[in-house]
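Taking it in order: structure first as structure tokens, then the write-up.
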Amino acid sequence: MKPSLSAFLRWAIPIILATAAIAYSFYRGREIQYWDGAVGNWLATLLGIVTGVPVALHLERVRNAAEETNRKVEVERIRKDTLTLLMQELVDARLSATVRLRMTDAIPIEPMKMSIWSAMREGRNLVHISEPKLLGAISDAYRMIAVVSERERHIMTVVYGVNVQFPDGQNAGQKLLKETAGLHDPLLNVINRAIATISKELEGNSTAAG
């Protein structure tokens with residue numbers, strides 16, 4: 001297979017240039033000024049190579065350090081925003097739990113919200129909350145909210161469906177309401193614990209940043 005023109009030129013041009021430089025050096029070989037200048041240029045080139053590599057490596061390290069710092073700042077920003085949004089939703093949930101605590105024979109029409117928690121889980125934002133105690137407190141609160149919400153949906157289905165009457169005079173809906181009312185106090189407790197844990201974490205971050 002014949003070599004291509006580009007391959008030939010890739011080898012030919014450096015050889016031609018090197019030959020021309022050697023021939024020119026032989027032609028000027030008797031001139032001291034020429035060799036003084038040539039050696040000076042060679043030493044300058046060598047010095048540039050020797051000093052340029054460490055400088056380039058240092059600049060690369062500085063750039064990598066800056067990128068890592070920016071990455072950590074962005075991760076911390078997402079983490080703080082995530083905790084703030086979750087705490088706002090839990091504060092609303094605490095108000096709903098307080099209302100439910102005073103209701104033993106009825107349930108609010110509006111269900112307790114978990115939309116932010118669900119969005120954070122689906123968006124994988126919770127990976128930024130790595131502390132076991134913090135994540136555990138938040139998860140416990142939302143797990144209890146989910147339990148109470150599911151019981152309330154079941155009660156609504158029973159009340160507006162086949163509401164069986166029991167011999168003691170109570171119907172299925174009333175019995176479910178009574179059982180669910182027993183969950184309201186534990187619900188409020190886990191929500192308060194989660195809010196306190198998040199608040200402490202956010203205050204700690206603010207102190208560290210300051």
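These numbers come from a predicted model, not from an experiment.
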Let me confirm one number: the [atom1]-[atom2] distance from [X] to [Y], rounded to the nearest 0.5 Å.
{"X": "Lys113", "Y": "Ser96", "atom1": "NZ", "atom2": "OG", "value": "8.5 Å"}
{"X": "Leu188", "Y": "Leu183", "atom1": "CG", "atom2": "CG", "value": "12.5 Å"}
{"X": "Met120", "Y": "Thr82", "atom1": "CE", "atom2": "OG1", "value": "4.5 Å"}
{"X": "Glu203", "Y": "Ile198", "atom1": "CD", "atom2": "CD1", "value": "12.0 Å"}
{"X": "Leu86", "Y": "Asn125", "atom1": "CG", "atom2": "CG", "value": "9.0 Å"}
{"X": "Thr98", "Y": "Leu187", "atom1": "OG1", "atom2": "CG", "value": "9.0 Å"}

(request) Please check if the side chain of Thr84 supplies one atom and the backbone of Lys80 the other of a donor-acceptor pair under 3.5 Å. (result) yes

(message) For residues 123-154, which residue pairs pass the ring pair (Phe, Tyr, Trp, His ring centres under 6.0 Å) check, not counting sequence neighbours?
(response) Trp117-Tyr142

(request) Hey, could you give me each pair passing ring pair (Phe, Tyr, Trp, His ring centres under 6.0 Å) that has a residue in residues 75-96? Not counting sequence neighbours. (result)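 Counting only pairs at least two positions apart or across chains, no ring pair (Phe, Tyr, Trp, His ring centres under 6.0 Å) contact touches residues 75-96.
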
Does some side-chain heavy atom of [Y] sit less than 4.5 Å from a side-chain heavy atom of [X]?
{"X": "Asn64", "Y": "Thr69", "result": "no"}
{"X": "Leu83", "Y": "Ile129", "result": "yes"}
{"X": "Pro186", "Y": "Met144", "result": "yes"}

(request) Would you mind listing every salt bridge (charged side-chain N to carboxylate O under 4.0 Å, His left out) that reaches into residues 131-148, with sequence neighbours excluded? (result)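 Non-adjacent pairs meeting salt bridge (charged side-chain N to carboxylate O under 4.0 Å, His left out): Arg79-Glu131, Asp140-Arg143.
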
(request) Can you run down the salt bridge (charged side-chain N to carboxylate O under 4.0 Å, His left out) pairs that involve residues 87-103, sequence neighbours left out, and say none if there aren't any? (result)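 Listed by first then second residue: Arg100-Glu152.
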
For the residue pair [X] and [Y], what are the closest heavy atoms and their distance?
{"X": "Ile195", "Y": "Met87", "value": "O-SD, 4.0 Å"}
{"X": "Met112", "Y": "Ala97", "value": "CE-N, 4.3 Å"}
{"X": "Leu90", "Y": "Ala194", "value": "CD1-CB, 3.9 Å"}

(request) Return the set of residues passing side chain to side chain contact (heavy atoms under 4.5 Å, CB included) with Glu74 (not counting sequence neighbours), or none when no residue passes. (result) Arg77, Ile78

(message) Using the rule that Ile, Leu, Val, Met, Phe, Trp and Tyr join whenever any side-chain heavy atoms are under 4.5 Å apart, tell me whether Val190 and Val147 fall into a single cluster.
(response)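 Same hydrophobic cluster.
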
(message) Could you go through Val91 and Ile191, starting from their C-alpha distance and side-chain angles, then the distance that decides it, and tell me whether this counts as side chain to side chain contact (heavy atoms under 4.5 Å, CB included)?
(response) CA-CA 8 Å; Val91 168; Ile191 291 175; over 6 Å; no

(request) Could you tell me which residues satisfy side chain to side chain donor-acceptor pair (under 3.5 Å) with Glu179, sequence neighbours excluded, listed by chain and number? (result) Arg151

